[in-house]
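Only heavy atoms go into these numbers, but all of them, side chains included; no hydrogens, no water, no symmetry mates. Quick note on labels: first sequence line is chain A, next is B, and so on, each numbered from 1.
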Amino acid sequence: MRLATWNVNSLNVRLDQVLAWLEHSPEGSKVDVLVLQETKLSDDMFPFQAFTRAGFDLSFFGQKTYNGVALISRHPISSVVKNMPTLDDPMARVISAKVLGLRVIGAYFPNGQDPLSDKFVYKMKWLSALQAWLTTLRLEPEPIVLMGDFNITWDDLDVWDPVGLKDSIHCTHQEREHFQALVDLGLLDAHRSIHPEGKKFSWWDYREGGWPRNKGMRIDHILLSLSLKERLLACEIDTEPRGHERPSDHAPVWVDLKD
DNA sequence: ATGCCTCAGCTCCTGAGA
């Protein structure tokens, strides 16, 4: 089975790219479950028929202009949870469901903007709430797949210029300590596990020729319960859509698990 | 360069993204 995450930076703009990618993801295999971030659509504006017509089950949860998440699946989904029970959050950032015997979570972590800003304080609070939620979720029988736009680099191998970007947003030790705490709960960074050499990125700034110069960061991640480790077959960042016309600034990331 | 792109909206500027 293939599971994937993609920050689309407006589903209105990227709908056709998402539908095409669902049918033609790399190396022949089709995506079974895709989570989206930054749909930027209120629920009454969500183009759900485009997905149901194509045979998908889905759930979505959004707001206009900012945030918004969706979970799109070729298989029936159940036990949908929107946002985290551990945080009263006005922003639409998390969507979760049981599918294929897994607890799949799609998340759009707060950006944080600047380590000295109120938004960074909110990011820390949000990360603590996620940790608290996962602490109870991992007691349930379904293995966990936590994927999305984390807005955190795991370490310097995830950063094109770790010296110049030292201690800047997505690279601070506070953010990375939260990432480590998730790993310490018994979650595996699927991509790093397959690619220990690092230096593969999932986001490139629209400005400064970030993409053509490969000045990027790996901030989109897929974490797996350790019980899924022996089922892990592959995990890749598909950089192809980043080169399209009107691309999202994020690339989709996918993982293949033994059925 | 507290900008460089891109997107959405109380849309011809501004805030936010990362």
Item checked: For DNA chain B, the residues among residues 38-45 of chain A that have a non-hydrogen atom under 4.0 Å from it -> A:Glu38, A:Lys40
Checklist line | Residues within residues 203-213 of chain A bordering DNA chain B, heavy-atom distance below 4.0 Å | finding: A:Trp203, A:Tyr206, A:Arg207, A:Glu208
Rounded to whole Å, please give me the gap between [atom1] in [X] and [atom2] in [N].
X        : N      : atom1 : atom2 : answer
A:Arg14  : B:dG17 : CZ    : P     : 16 Å
A:Leu11  : B:dT6  : CG    : C1'   : 16 Å
A:Ile152 : B:dG17 : CD1   : P     : 15 Å
A:Arg242 : B:dA18 : CZ    : C1'   : 12 Å
A:Asp249 : B:dT6  : CG    : P     : 10 Å
A:Asp114 : B:dT2  : CG    : P     : 12 Å
A:Lys215 : B:dC5  : NZ    : C1'   : 13 Å
A:Asn7   : B:dT6  : CG    : C1'   : 12 Å

Checklist line | Contacts of type ring pair (Phe, Tyr, Trp, His ring centres under 6.0 Å), residue A:Phe120, not counting sequence neighbours | finding: none
Next item on the list: Could you pull out all residues at least two apart from A:His191 that satisfy side chain to side chain donor-acceptor pair (under 3.5 Å)?
Entry: none
Next item on the list: Please tell me which of the listed nucleotides, B:dG9, B:dC7, B:dA18, lies nearest to the side chain of A:Lys64?
Entry: B:dG9
With rounding to the closest Å, how many angstrom separate the [atom1] atoms on [N] and [M]?
N      : M      : atom1 : value
B:dC7  : B:dA18 : C1'   : 14 Å
B:dG15 : B:dC4  : P     : 14 Å
B:dA1  : B:dC12 : C1'   : 24 Å
B:dT11 : B:dT2  : C1'   : 23 Å
B:dC10 : B:dA16 : P     : 14 Å

Notebook entry, point to check: Below 4.0 angstrom from OP1 or OP2 of B:dA18, is there any side-chain N or O of A:His250?
Noted result: yes
Check: Looking only at side-chain N and O atoms, does A:Asn9 come under 4.0 Å of OP1 or OP2 in B:dT6?
Finding: no
Notebook entry, point to check: Between the side chains of A:Ser42 and A:Asp44, does any donor sit under 3.5 Å from an acceptor?
Noted result: yes
Notebook entry, point to check: Under 3.5 Å, is there a donor-acceptor pair between the A:His250 and A:Asn9 side chains?
Noted result: no
Nearest heavy-atom neighbours spanning [X] and [Y]:
X        : Y        : value
A:Met84  : A:Leu130 : SD-CA, 3.4 Å
A:Arg246 : A:Arg14  : O-NH1, 2.8 Å
A:Gly148 : A:Thr5   : CA-OG1, 3.2 Å

Note to self: Are the side chains of A:Thr239 and A:Trp211 in contact, using a 4.5 Å heavy-atom criterion?
What the structure shows: yes
Checklist line | Criterion salt bridge (Lys or Arg N to Asp or Glu O under 4.0 Å) against A:Arg176, the qualifying member of A:Asp155, A:Asp156, A:Asp167 | finding: A:Asp156
Notebook entry, point to check: Can you tell me if A:Arg2 uses its side chain to pair, donor with acceptor, with the backbone of A:Ser29 under 3.5 Å?
Noted result: yes
Checklist line | Residues forming a side chain to side chain contact (heavy atoms under 4.5 Å, CB included) with A:Asp205, sequence neighbours excluded | finding: A:Trp203, A:Arg207
Checklist line | Candidates A:Leu187, A:Asp158, A:Asp149 - the one meeting side chain to side chain contact (heavy atoms under 4.5 Å, CB included) with A:His221 | finding: A:Asp158
Mind listing the N/O atom pairs, protein and nucleotides 13-16 of chain B, below 3.5 Å?
unit_1, atom_1, unit_2, atom_2, d
B:dA16, O5', A:Lys119, NZ, 3.4

Next item on the list: Would you mind telling me which residue lines up with the more 5' stretch of DNA chain B, A:Asn12 or A:Tyr108, judged by nearest nucleotide?
Entry: A:Asn12
